[in-house]
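To keep things clear, I will list the structure first and then write my remarks on it.
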Amino acid sequence: RPRTAILISGRGSNMVSLLKAAEDPAYPASFVLAASNRPEAPGLVHAASAGLATLALDHRAFPDRAAFDAALDAGLRAHGIDLVVLAGFMRVLTPGFVEAWAGRMVNIHPSLLPLFRGTHTHAQALAAGVRLHGCTVHFVVPELDAGPIIAQAAVPVRPDDDEDSLAARVLAQEHRLYPAAVALVASGGARLDGDRVVFAAEAVGGDGAL
Ligand code: GAR
């Protein structure tokens, strides 16, 4: 089972859903480290109580992105990390760092990519008037929110939705989708091949949905 790090910046509810899934001894990833660029991230406390090592690297203490990423990379290597899972990690990573972890780093983004990259995705969806919205798990590439897609989940947009109601509906799907998608990657059921995801035939259902 790949030794897996979860990177967070705040609340950490996706991290909690991953740790919950990993309580099943058959879960194919072993979560051993939680790292945050914000030492005050509430999720770090939960991770420590769940028995994970924690790494708090305050990005404000580093002169630039490259220095922060070098420290993060060193921390991941010191813990023998094989797989990196970004879960509400709100910091752009340098191309050098991303290339070093190519095919071994995944992210969850709160929209149906390639729609609504960046931040405030629920406001973006409401402004665009889409009737379906959702979340995407993808391999991380240097371009922000542009990596090859591993899994998606869709939710309806209701006429009376505001940003908060829509975010909550999407988040419930994130908590279901991310543990399944990380399991798929950790077990080799989905892997990055160049700029495509290759799925093992037995890993996904007939319709390719998780
Ligand atoms: C989640 O909705 C996640 O998809 C999003 O931040 C939230 C974190 O919540 N991530 C991004 O926007 C990444 N650019 P959590 O800390 O409770 O998991």
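Since we're looking at a predicted model, the values are computed, not measured. Whatever order the structure lists them in is the order used to number ligands and atoms, beginning at 1.
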field: Sub-3.5 Å N/O-N/O distance, Asn107 and ligand 1
entry: no
task: Identify, for atom 3 (C) of ligand 1, the protein heavy atom at the shortest distance, and state residue, atom and that distance.
output: Glu174 OE1, 3.3 Å
message: Considering non-hydrogen atoms of the protein only, which is the closest contact for atom 6 (O) of ligand 1, and what is the distance?
response: Gly88 CA, 3.8 Å
- prompt: Any side-chain heavy atom of Pro156 sitting closer than 4.5 Å to one from Arg131?
  reply: no
query: Any chain of hydrophobic side-chain contacts (each under 4.5 Å) joining Leu33 to Val140?
result: yes
- request: Search all heavy atoms of Gly43 against all heavy atoms of Met15 and return the closest pair with its distance.
  value: O-CE, 3.2 Å
- prompt: For Gly12, is at least one N or O under 3.5 Å away from an N or O on ligand 1?
  reply: yes
task: For Met90, counting its heavy atoms only, list the atoms of ligand 1 lying under 4.0 Å from any of them.
output: 11 (C), 12 (O), 13 (C), 14 (N)
query: Going only through I, L, V, M, F, W and Y residues with side-chain contacts under 4.5 Å, is there a path from Phe89 to Leu55?
result: yes
query: Does ligand 1 have an atom under 4.0 Å from some heavy atom of Ile108?
result: yes
statement: Tightest non-hydrogen contact, residues Leu166 and His122, listed as CD2-O, 3.9 Å
- request: Any atoms of ligand 1 less than 4.0 Å from a non-hydrogen atom of Asn14? List them with their elements.
  value: 1 (C), 15 (P), 17 (O), 18 (O)
message: Does any N or O of ligand 1 fall below 3.5 Å from an N or O anywhere on Arg11, backbone included?
response: yes
- request: Compute whether any side-chain donor of one residue and acceptor of the other, for His109 and Thr121, lie under 3.5 angstrom apart.
  value: no
query: Do Leu19 and Leu52 have side chains that get closer than 4.5 Å, going by heavy atoms?
result: yes
statement: atom 15 (P) of ligand 1: closest protein heavy atom, distance to 0.1 Å, is Ser13 N, 3.4 Å
message: Going by the closest heavy atom to atom 5 (C) of ligand 1, which one wins out of Ser17, Pro42, Ser9, Pro110?
response: Pro110
